[in-house]
Amino acid sequence: MSSYTPSQIEPRWQAAWAEAETFTARRDPARPKYYVLEMFPYPSGRLHIGHVRNYTLGDVVARYKRATGHNVLHPMGWDAFGLPAENAAIATGTHPADHTYANIEEMKTQMRPLGWSLDWSREFATCDPDYYGQQQALFLDMLDAGLVYRKNAVVNWDPVEMTVLANEQVEDGKGWRSGAEVERRELTQWFFKISDHAEELLDGLDTLDNWPSKVKLMQANWIGRSRGLQFSFGLVDGPEGHDRIEVYTTRPDTLLGASFVGISPDHPLAKTLEAEDPAVAAFCAEVRRGGTSEEAIETAEKRGHDTGLRVRHPFDTSAELPVYIANFILMDYGTGAIFGCPAHDARDFEFAQKYDLPVIPTFLPDEDASTEFSQAYVPLKSEKVFYCKGFSGDDWQTGEAAIEAAIDFCEANGVGHAVTKYRLRDWGLSRQRYWGCPIPVVHCDACGVVPERKENLPIELPRDVTFDVPGNPLDRHATWRDCDCPACGQPARRETDTMDTFVDSSWYYARFTAPKADTPTVAEDADYWMNVDQYVGGIEHAILHLLYSRFFARAMKITGHLPESASEPFDALFTQGMVTHAIYTTNRPMDGRPVYHYPEEVELRDGKAFLKDTGTEVTVIPSAKMSKSKNNVVDPLKIVDTYGADTARWFVLSDSPPERDVEWTAAGAEAANRHLGRVYRLTDEITAAEGSGTGDDDLMREMHRTIRDVTAGLESFGFNAAIAKLYGFTNTLSKSQAGAEAKRTAARTLAQLMSPMTPHLAEEMWRMLGGDGMVVNASWPQADEAMLVDTQVTLPIQINGKRKAEIVVAADASKADVEALALEQDAVQRALDGGSPKKIIVVPGRIVNIVV
RNA sequence: GCGGUCGUGGCGGAAUUGGUAGACGCGCAGCGUUGAGGUCGCUGUUCUUUAACCGGAGUGGGGGUUCGAGUCCCCCCGACCGCACCA
């Protein structure tokens with residue numbers, strides 16, 4: 001009797017797959033293709049258990065689709081540009097390229113033992129000049145097509161380091177290294193015109209039937225289509241060049257309740273005043289402190305500065321409204337100016353309280369309701385309310401109707417016009433950093449901004465740079481920076497900004513279809529392999545990465561690099577949850593601050609946790625996000641070393657539905673390992689079994705039910721449910737008294753059904769049971785319908801909706817028979833207590849409910 | 001602040017989408033094997049009451065719709081994800 005030794009089994013089958021080039025994808029028009037893609041990793045150098053979950057989920061799909069006759073493309077690459085490599089360079093002096101490529105090698109050696117069915121022949125990193133050179137070609141085509149332009153935009157500026165900071169490098173409005181108060185500063189930057197495609201990107205969501213509806217909803221809210229009124233307030237004695245303020249509102253029905261006008265500190269009028277008035281300048285400078293993130297702006301205390309200017313109300317010419325510069329108004333949205341109606345907007349109300357502005361209701365919950373408000377009254381737009389200052393004759397109407405009436409009235413009276421606006425802003429792609437794809441343009445004194453010639457691509461990053469001085473090394477690299485103008489040949493300067501790493505990840509899925517080509521894509525490969533049939537990744541990418549990728553697919557269609565049919569590049573999307581792990585803490589005696597302990601230092605007894613060394617009781621925080629500083633990171637390599645890859649794979653799939661978070665527990669991993677050992681032993685026993693037994697038919701029926709349920713689970717990402725079925729079937733098989741032949745058939749099927757999850761063990765079982773070839777090439781078992789038919793069903797009997805009994809009846813029993821049998825039950829008789837039922841509901845094949 | 005999601009035994013979680021709540025696993029308990037323990041096998045395990053049966057309660061809290069609600073609607077509480085320069 002042999003025992004389960006993954007350390008021998010797993011490398012053997014991995015070598016066999018590699019030898020046969022099983023996972024190398026080739027175009028084959030004879031077979032249906034299937035493209036499975038997981039979001040490619042940032043090469044941090046350490047494989048995380050979250051990666052194990054992500055790539056195992058995709059691998060189950062890839063292996064299952066192989067078994068169902070598909071020609072599967074399942075590639076892997078590296079999202080290799082970005083800040084961490086520069087941070088490492090600053091901290092340790094290692095060059096970003098050396099750091100990154102070393103990490104890639106390290107991660108690859110960590111990934112290989114997991115047995116994912118990846119086509120490594122297509123591997124690339126986004127920092128390979130081959131890749132980013134094609135990205136530069138794509139950029140030039142987009143520039144040519146009018147999809148790229150330059151404008152000013154604000155960045156986080158660290159006045160001590162004299163460097164632009166990323167949002168994550170700003171903590172509480174201060175630079176993370178310098179601790180200096182961050183300022184918002186304007187720079188000229190490159191932008192993609194994603195907002196031109198806002199409508200298509202919004203409408204396209206409707207075609208994505210196999211995307212989670214929450215992701216579609218988040219994207220729709222992000223794009224944020226709104227219909228409203230745009231009009232202007234006339235300025236009374238405004239500064240030269242400013243005779244009116246253009247505002248946009250989605251609530252024109254509240255216009256008669258306006259009590260002030262607010263403009264963004266970046267509004268042209270604010271800038272004019274800033275230049276003239278030191279008080280305005282001081283206020284604007286104050287507001288510009290702190291980070292640029294929307295979160296930072298929105299959560300800051302609402303403040304305003306009265307400019308002293310007044311505007312005339314378009315409908316009430318006797319009223320003049322004060323004009324405030326307010327810190328919560330974004331220049332990027334609408335016109336950068338609003339009118340405030342404190343009665344019907346919570347922010348405006350807060351503002352009005354602070355600056356003692358009137359609160360004028362335009363509608364009320366009731367005709368005689370008080371007009372004195374203690375908070376803003378903001379009902380749903382679909383709710384009917386009483387308009388005391390409305391635009392149409394109808395006093396009682398919904399907000400929706402009132403908005404339309406207000407727009408009609410304003411347009412009829414020559415005040416503004418209806419417009420549709422989008423919240424979506426253009427995508428700023430400039431980064432003032434070294435470790436990214438260089439933007440392939442040249443600045444020439446004579447010719448202006450000149451695109452590089454395609455034959456000069458790739459514009460490679462120079463190797464000889466240092467990070468000892470803050471700022472972008474490309475700015476200081478004279479021999480790289482200085483060049484000849486591609487147009488006139490005179491001395492010129494290269495653009496030293498590089499691209500946002502979101503650009504890299506916005507088209508890698510297309511590049512995988514022809515990763516070595518000397519154009520961004522190749523038509524016949526893209527036509528054959530696109531779209532991605534199943535995309536798998538984290539919910540944290542629900543908005544930006546996925547929206548940018550959808551935009552790029554359209555841009556690549558416009559520039560001729562992808563077919564029209566690939567405009568929505570991901571047919572199906574699955575977003576998986578995190579892998580969490582308990583945190584173990586004790587309090588340090590001297591100051592009570594938490595000390596974090598590794599799981600190995602802790603032992604569990606009587607439902608409590610104690611330190612192994614001292615016996616001190618430990619506080620357990622369950623299900624926390626893994627974090628190095630909390631010492632609760634699980635190292636997948638250790639798990640693979642201890643239990644094998646199949647155990648790690650089985651466990652990350654088993655406990656939790658894939659879209660939810662899963663808590664990693666040592667006990668759970670041991671249980672998974674124990675089960676796989678049991679399956680191995682059972683297979684070994686069955687291999688040696690001989691002769692006939694009893695219950696062959698029952699075993700075969702259960703086998704076909706298992707095929708049906710596991711298949712359904714795999715089709716719907718119900719991997720945990722599929723695994724629960726496999727546990728059940730293993731138990732059935734282990735207890736079965738069936739004959740050797742039936743058991744062997746059942747065990748071979750078990751091997752096949754397990755193969756997407758535990759491919760190495762499945763191969764080993766298949767071999768032991770005398771299966772033909774490798775199980776990876778075997779076609780998926782089919783459930784026999786005839787074996788699935790049940791002749792009898794168990795029906796629960798409810799009294800007033802509470803289950804009290806159950807009956808077993810023929811599957812085709814009549815309602816009357818079921819009713820009669822139900823009434824005979826002791827529990828029913830007790831409940832009726834001599835009386836007769838009020839009502840009996842019989843749902844055939846489901847349930848009987850008796851109302852008494 | 002805005003947008004989104006989730007909340008079920010001691011624990012991870014299941015529930016054909018409005019029809020037997022707690023599948024499967026962990027843990028725990030008992031029995032068997034081994035005989036030091038562990039492994040392995042079998043049985044039990046929502047809570048409460050009870051010797052047991054019979055009952056009662058029960059899916060974060062409160063209310064509603066329905067013959068019937070974990071599932072649908074409203075309010076509240078808590079946790080998590082995103083917020084445009086982290087990837």
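Every chain is numbered from 1 and lettered A, B, ... according to where its sequence line falls, protein lines coming before strand lines.
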(message) Can you tell me whether the side chain of A/R846 and the base of B/U16 have a donor-acceptor pair closer than 3.5 Å?
(response) yes
(message) Could you tell me how far apart A/R177 (CZ) and B/C86 (P) are, to the nearest whole angstrom?
(response) 14 Å
(message) I'd like the P distance from B/A79 over to B/C31, given in whole Å.
(response) 45 Å
(request) Compare the minimum distances between each of B/U20, B/C24, B/C85 and the side chain of A/N731, then state the nucleotide with the smallest one. (result) B/C24
(request) Indicate whether any N or O donor in one side chain lies under 3.5 Å from an N or O acceptor in the other, for A/D646 and A/T758. (result) no
(message) Of the options B/A84, B/U5, B/C24, whose atoms approach the side-chain atoms of A/N167 most closely?
(response) B/A84
(request) Using whole Å, report how far CD of A/E168 lies from P of B/C86. (result) 6 Å
(message) Side chain of A/K839, heavy atoms from C-beta onward: which of B/U43, B/C67, B/A84 has the nearest atom to it?
(response) B/C67
(message) Check whether A/N327 reaches the backbone of A/R303 with its side chain - one donor and one acceptor, N or O, closer than 3.5 Å.
(response) yes
(request) Describe the nucleic acid contact of A/A671 in one word from base, sugar-phosphate, nothing, applying a heavy-atom distance below 4.0 Å. (result) sugar-phosphate
(request) With A/R423 as the cation and A/W222 as the aromatic partner, state whether NZ or CZ is under 6.0 Å from the six-membered ring centre and within 45° of the axis. (result) yes
(request) Would you mind telling me which of B/A14, B/A21, B/C26 lies closest to the side-chain atoms of A/N720? (result) B/A14
(request) Would you tell me if any nitrogen or oxygen in the side chain of A/R660 comes within less than 4.0 Å of OP1 or OP2 on B/G7? (result) yes
(request) Measure from the side-chain heavy atoms of A/I841 and tell me the nearest of B/C85, B/A14, B/G19. (result) B/G19
(message) Roughly how many Å apart are B/U71 and B/U66, using the P atom of each and rounding to a whole number?
(response) 16 Å
(message) Against A/Y131, only a single residue in A/W507, A/Y508, A/W78 fulfils ring-ring contact (aromatic ring centres under 6.0 Å, His included); can you say which?
(response) A/W507
(request) Between B/C28 and B/G3, how far apart are the C1' atoms? Round to whole Å, please. (result) 44 Å
(message) Does either side chain, that of A/T292 or that of A/N156, offer a donor lying less than 3.5 Å from an acceptor on the other one?
(response) yes
(message) Short of 4.0 Å, heavy atom to strand atom, which residues of residues 77-85 of chain A count as contacting RNA chain B?
(response) A/D79, A/G82, A/L83
(request) Quick one: label A/K802 by what it contacts on the DNA or RNA (base, sugar-phosphate, nothing), any heavy atom closer than 4.0 Å. (result) base
(message) Measuring from the side chain of A/R431 (C-beta onward, heavy atoms only), which nucleotide among B/A21, B/U5, B/C85 has the closest atom?
(response) B/C85
(request) Using the C1' atom as the reference point in each nucleotide, state the distance between B/U33 and B/U48 in Å, no decimals. (result) 37 Å
(message) To the nearest 0.5 Å, what is the distance between OG on A/S506 and CG on A/L429?
(response) 10.5 Å
(message) Under 4.0 Å, heavy atoms only, any strand: does A/S430 hit a base, just the sugar-phosphate, or nothing?
(response) base
(request) Between B/U5, B/A21, B/A14, spot the one nearest the side chain of A/P657, thanks. (result) B/A14
(message) What I'd like to find out is whether the side chain of A/L546 reaches to under 4.5 Å of the side chain of A/Y535, using heavy atoms alone.
(response) yes
(message) Rounding to an integer number of angstrom, what distance separates B/G10 and B/U45 when you compare their P atoms?
(response) 16 Å
(message) I need the CG-P distance between A/L795 and B/G19, as an integer number of Å.
(response) 15 Å
(message) So for A/E540 and B/C86, does any side-chain atom that can act as donor or acceptor lie under 3.5 Å from a complementary atom in the base?
(response) no
(message) Can you confirm whether more than 12 heavy atoms, excluding those of A/D826, are under 6.0 Å from its CG atom?
(response) no
(request) Examine B/C2: is either OP1 or OP2 under 4.0 Å from a nitrogen or oxygen in the side chain of A/N221? Give yes or no. (result) no
(request) Taking only the side-chain heavy atoms of A/R425 (C-beta and beyond), determine which of B/C86, B/A84, B/C81 contains the nearest atom. (result) B/A84
(request) Rounded off to whole Å, could you give me the CG-to-C1' distance for the A/L653 and B/G25 pair? (result) 14 Å
(message) Would you measure the distance from the C1' atom in B/G62 across to the matching atom in B/C54 and give it in whole Å?
(response) 32 Å
(request) Tell me whether the OP1 or OP2 atom of B/G41 has a side-chain N or O from A/R678 closer than 4.0 Å. (result) yes
(request) Determine whether A/V828 and A/I799 make a side-chain contact, defined as any pair of heavy atoms from C-beta on separated by less than 4.5 Å. (result) yes
(request) Measure the distance from CG on A/L726 to P on B/G25 and round it to the nearest whole Å. (result) 12 Å
(message) Would you measure the distance from the C1' atom in B/U8 across to the matching atom in B/C83 and give it in whole Å?
(response) 32 Å
(message) Quiz question: going by heavy-atom distance under 3.5 Å, is there a donor-acceptor pair between the base of B/C83 and the side chain of A/E295?
(response) yes
(message) Would B/G9 be called syn or anti here, given the cut-off of 90° from 0?
(response) syn
(message) Between A/W650 and A/I723, is there a side-chain heavy-atom distance shorter than 4.5 Å?
(response) yes
(request) Take the protein atom OH of A/Y727 and the nucleotide atom C1' of B/G12, then report the distance between them rounded to whole Å. (result) 12 Å
(request) Identify, between A/E298 and A/G801, the residue whose nearest nucleotide on RNA chain B lies closer to the 5' end. (result) A/E298
(message) Ignoring hydrogens and geometry beyond distance, is a side-chain donor-acceptor pair present between A/D158 and A/T163 at under 3.5 Å?
(response) no
(request) Between B/G61 and B/G9, how far apart are the P atoms? Round to whole Å, please. (result) 9 Å
(request) Looking only at side-chain atoms of A/A724, point me to the closest of B/C24, B/C67, B/U5. (result) B/C24
(request) Scan every strand shown for a Watson-Crick or G-U wobble partner of B/G7, both distances under 3.5 Å, and answer none if you come up empty. (result) B/C77
(request) Side chain of A/M218 only, please: which of B/G4, B/G19, B/G41 is the nearest? (result) B/G4
(request) Using only side-chain N and O atoms of A/R674, determine if any of them is under 4.0 Å from OP1 or OP2 of B/C26. (result) yes
(request) Establish, yes or no, whether the cationic atom of A/K421 lies under 6.0 Å from the six-membered ring centre of A/Y333 and within 45° of the ring axis. (result) no
(request) Write down the partner of B/C31 under the Watson-Crick or G-U wobble criteria, each distance required to be under 3.5 Å. (result) B/G41
(request) Measure from CG on A/L676 to C1' on B/C40 and round the result to the nearest Å. (result) 16 Å
(request) Would you classify A/K735 as touching base, sugar-phosphate or nothing, given that sugar-phosphate means primed atoms plus P, OP1 and OP2, and contacts are heavy atoms under 4.0 Å? (result) sugar-phosphate
(message) Syn if the chi torsion is within 90° of 0, anti otherwise; quick check, which is B/U17?
(response) syn
(request) Could you state the atom-to-atom distance from OH of A/Y508 to P of B/A87 in whole Å? (result) 15 Å
(message) Measuring to OP1 and OP2 of B/G25, would you say a side-chain N or O of A/S654 lies under 4.0 angstrom away?
(response) no
(request) Describe the nucleic acid contact of A/F502 in one word from base, sugar-phosphate, nothing, applying a heavy-atom distance below 4.0 Å. (result) base
(request) Taking only the side-chain nitrogens and oxygens of A/K804, find out if one of them lies under 4.0 Å from OP1 or OP2 of B/G56. (result) yes
